[in-house]
Amino acid sequence: MTGIQELLLSRIRDVADYPEPGVMFKDITPLLADPAAFTALTDGLADIAAGTRATKVVGLEARGFILGAPVAVRAGLGFIPVRKAGKLPGATLRQAYDLEYGSAEIEVHAEDLTSGDRVLIVDDVLATGGTAEAAIQLIQRAGAEVCGVAVLMELGFLGGRGRLEPVLGEAPLEALLRL
C-alpha cells in the first residue's frame, strides 16, 4: 500500500448498520475535512483524468459532485453533474437503474454533452455498479464517449467491476482504494 493510499484509508470511517442493518457504510467526511487527504484524493483522480484524455468530468450525485468538481478544475476540464431525476431544469436525458437498496433514475442536461466529448465518470464508491452503469448509458445516449470511470474506493465483494467492464470496453476503471 502506498503512502497516499494509507492516508486516504486512515481518513475513511466505518459506520455499522447504516443506512440499514448489516451494511458497513464508508464515511468519507473525515477525509474531506482533512486538507492534505482531500488534496491527495483530488490529485490522484486528476492524474487518472489526464491519462484518459478526458474533455469533461461527470460527477454522480451526490458525493461525485464533491470529488468530481475539484478534479475537473485541477485537470482543466469541464464538469457535468448527473443528478437524481427531477433536479435539473430544462431539457434532460433520463436513465432508470437498480441500486443496492432499490431503484432510481438519473438525469443530465441534454446540451451539456456532445459527440466530441470524452467523459471520465467520477464517484466516491463503486459498489454494485448500478449507478455507474446507468451513467455510462446516459453519456452514450447523449452521443459522448466514456473514456473511463475513476472512484476513491471499490468495494470488490459487491461485484461492480464485473458489471462495468463489459459496458466500458477498453475504457479503464480505476480505484484509488480496493476494499
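Just so you know, these numbers come straight off a predicted model, no measurement behind them.
Judged purely by atom type and a 3.5 angstrom limit, E105 has no side-chain atom pairing as donor or acceptor with the backbone of Y97. For the pair H109 (side chain) and P89 (backbone), a donor-acceptor distance under 3.5 Å is present.
Applying the side chain to side chain donor-acceptor pair (under 3.5 Å) criterion to T55, with sequence neighbours excluded, gives D117.
Taking CG of L177 as the start and CG of L9 as the end, the distance is 5.5 Å to the nearest 0.5 Å.
Within 6.0 Å of atom CD1 in I66, more than 12 heavy atoms from other residues, nucleotides or ligands are found, so the atom counts as buried in its surroundings.
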For this session: Step by step, work out the side chain to side chain contact (heavy atoms under 4.5 Å, CB included) result for L138 and I106.
Result: CA-CA 8 Å; L138 194 59; I106 55 174; 4.1 Å; yes
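Counting all heavy atoms, side chain and backbone alike, V71 lies closest to A49 at CG1-CB, 4.4 Å. Here the closest heavy-atom approach between residue E111 and residue A91 is recorded as OE1-O, 3.9 Å. Residues F79 and V58 approach most closely at CE1-C, 4.4 Å, considering heavy atoms.
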Review item, side-chain donor-acceptor pairs of residues 144-157, under 3.5 Å, at least two apart:
{"from": "E145", "atom 1": "OE1", "to": "R118", "atom 2": "NH1", "distance (Å)": "3.3"}
{"from": "E145", "atom 1": "OE2", "to": "R118", "atom 2": "NH1", "distance (Å)": "2.9"}
{"from": "E154", "atom 1": "OE1", "to": "R161", "atom 2": "NE", "distance (Å)": "3.2"}
{"from": "E154", "atom 1": "OE1", "to": "R161", "atom 2": "NH2", "distance (Å)": "2.7"}
{"from": "E154", "atom 1": "OE1", "to": "R178", "atom 2": "NE", "distance (Å)": "3.2"}
{"from": "E154", "atom 1": "OE2", "to": "R161", "atom 2": "NE", "distance (Å)": "3.1"}

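Residue pairs meeting the salt bridge (charged side-chain N to carboxylate O under 4.0 Å, His left out) criterion with at least one partner in residues 119-131, sequence neighbours excluded, are R63-D124. Each salt bridge (charged side-chain N to carboxylate O under 4.0 Å, His left out) pair with one or both residues in residues 167-177, not counting sequence neighbours, would appear here, but there are none. Residue pairs meeting the side-chain hydrogen bond (donor to acceptor under 3.5 Å, both in side chains) criterion with at least one partner in residues 133-142, sequence neighbours excluded, are Q95-Q137, Q95-R141, E133-R163. Residue pairs meeting the side-chain hydrogen bond (donor to acceptor under 3.5 Å, both in side chains) criterion with at least one member in residues 33-42, sequence neighbours excluded, are R11-D34.
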